[in-house]
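Here the structure comes first, spelled out in structure tokens, and everything after it is commentary.
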Amino acid sequence: LNSVTLPKRHEVGEFTIFRAKRIIHKKIDELIAKAGKTVVLAINSSDLRRLFYTARSSKAEIKVLCPITKENKNVVKQWMKFSDIRHYETETQVKIAIADGSDVCVFQTNAPMALCSGDGQFVALLKGFAFSAWANAPSAEERIAEIEKGEPVKKTEVIKVDEDIFESI
């Protein structure tokens, strides 16, 4: 038996699954309330309304990705007073809450299910997704101007090339 080498065991972080809407809401509220530095939220319109008071009273910097529509622009304007909010549309009902870059909940409430964890690799994966979406999302100001004026905001696009730009002209 001494000659048998067992495969190395990889440490796996703790993951908790919640399946009740009330418990999921409580967990997200707690995550926001206990954050000391930053909270990143990828949520929908109903979450904007439900999380408003919890987020407003948080001491953390709040960053929000959500769909900004004609119907919710007034709520978004209230969020803009205490958070950095950007327009992000998705076809999925899956939402994300990340606190201080160390705790994360991926959740949906239409069919209640949440996966919460402090596992470093899992948190890093979702932070990467959230910040990639953040980098490409228009600001709330831009999106609201687009809605109110009825025309798309002009966009500046960065084009990256490997060669010297002057040689390609």
Side-chain angles (χ1 to χ4, degrees), residues 10-148 153:
H10 295 282
E11 279 298 314
V12 177
E14 184 177 307
F15 291 82
T16 307
I17 295 174
F18 300 98
R19 294 184 186 247
K21 189 182 282 193
R22 183 178 50 78
I23 294 171
I24 293 169
H25 287 169
K26 183 179 177 187
K27 181 64 180 171
I28 302 305
D29 288 343
E30 288 172 358
L31 200 72
I32 294 169
K34 79 172 187 174
K37 294 180 184 175
T38 59
V39 172
V40 178
L41 301 168
I43 55 177
N44 65 19
S45 293
S46 64
D47 294 312
L48 273 180
R49 288 176 182 85
R50 194 189 68 71
L51 294 171
F52 180 81
Y53 294 106
T54 304
R56 186 177 69 178
S57 61
S58 175
K59 292 175 177 52
E61 174 188 12
I62 309 285
K63 294 180 177 266
V64 181
L65 288 164
C66 72
I68 300 173
T69 64
K70 185 177 181 179
E71 292 75 27
N72 74 0
K73 72 177 181 166
N74 291 329
V75 175
V76 170
K77 286 179 181 180
Q78 294 302 310
W79 274 78
M80 289 168 57
K81 294 176 182 177
F82 63 87
S83 69
D84 191 354
I85 187 165
R86 295 194 182 185
H87 174 67
Y88 180 73
E89 287 187 64
T90 180
E91 298 298 319
T92 180
Q93 288 296 315
V94 175
K95 303 164 231 181
I96 301 171
I98 304 170
D100 293 334
S102 60
D103 290 298
V104 66
C105 276
V106 180
F107 63 102
Q108 64 179 25
T109 51
N110 56 339
M113 167 80 75
L115 174 67
C116 300
S117 180
D119 178 75
Q121 288 181 328
F122 186 65
V123 173
L125 173 76
L126 292 171
K127 271 177 56 178
F129 165 77
F131 285 108
S132 174
W134 181 264
N136 296 307
S139 71
E141 292 88 354
E142 291 173 322
R143 177 63 177 148
I144 289 170
E146 182 180 88
I147 291 167
E148 291 176 346
V153 173

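Within a 6.0 Å sphere centred on NZ of Lys77, other residues, nucleotides and ligands contribute more than 12 heavy atoms.
Note that CD1 of Ile32 and CD1 of Ile98 are 12.0 Å apart. Values are rounded to the nearest 0.5 Å. Rounding to the nearest 0.5 Å places CD1 of Ile62 at 11.0 Å from CG of Asp84. From Phe18, atom CZ reaches atom NZ of Lys27 across 5.0 Å, with rounding to the nearest 0.5 Å. Here the SG atom belonging to Cys116 is positioned 8.0 Å from the CD1 atom belonging to Ile24, to the nearest 0.5 angstrom. Taking CD of Glu14 as the start and OG1 of Thr16 as the end, the distance is 4.5 Å to the nearest 0.5 Å. The distance from the CD1 atom of Ile85 to the CZ atom of Arg143 is 12.0 Å, given to the nearest 0.5 Å.
Checking side-chain atoms of Ser58 against main-chain N and O of Ala60 turns up a donor-acceptor pair under 3.5 Å. A donor-acceptor contact shorter than 3.5 Å links the side chain of Glu142 to the backbone of Ser139. Asn72 places no side-chain N or O within 3.5 Å of a backbone atom of Val75 that could act as its donor or acceptor partner. Thr54 places no side-chain N or O within 3.5 Å of a backbone atom of Asp29 that could act as its donor or acceptor partner.
Here the shortest heavy-atom pairing between Trp79 and Val64 reads CZ3-CG2, 3.6 Å. The heavy-atom pair separating Arg86 from Ile68 by the smallest distance is C-CD1, 4.0 Å. Here the shortest heavy-atom pairing between Leu48 and Cys66 reads CD1-SG, 3.6 Å. Taking every heavy atom of both residues into account, Ala140 and Val76 meet most closely at CB-CG1, 3.9 Å.
Using a 3.5 Å distance cut-off with no hydrogens or angles, the side chains of Ser46 and Asn44 do pair a donor with an acceptor.
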Let me see the working for Glu61 and Lys63 under salt bridge (Lys or Arg N to Asp or Glu O under 4.0 Å), right down to the final yes or no.
-> CA-CA 7 Å; Glu61 174 188 12; Lys63 294 180 177 266; 3.8 Å; yes
Stepwise side-chain contact (heavy atoms from CB on, under 4.5 Å) test for Phe15 and Asp119 | CA-CA 8 Å; Phe15 291 82; Asp119 178 75; 3.7 Å; yes
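A salt bridge (charged side-chain N to carboxylate O under 4.0 Å, His left out) check over residues 92-102, counting only residues at least two apart or in different chains, returns the pairs Asp47-Lys95. Applying the side-chain hydrogen bond (donor to acceptor under 3.5 Å, both in side chains) definition to pairs two or more places apart or across chains, those involving residues 31-40 are Lys34-Asp103.
For Lys73, the side-chain contact (heavy atoms from CB on, under 4.5 Å) partners are Ile144, Ile147, Glu148, not counting sequence neighbours. Residues that satisfy the salt bridge (Lys or Arg N to Asp or Glu O under 4.0 Å) test with Arg49, not counting sequence neighbours, are absent from this structure. With sequence neighbours left out, Glu30 forms a salt bridge (Lys or Arg N to Asp or Glu O under 4.0 Å) with no residue at all.
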In residues 126-134, what donor-acceptor pairs under 3.5 Å come from side-chain atoms, sequence neighbours left out?
none

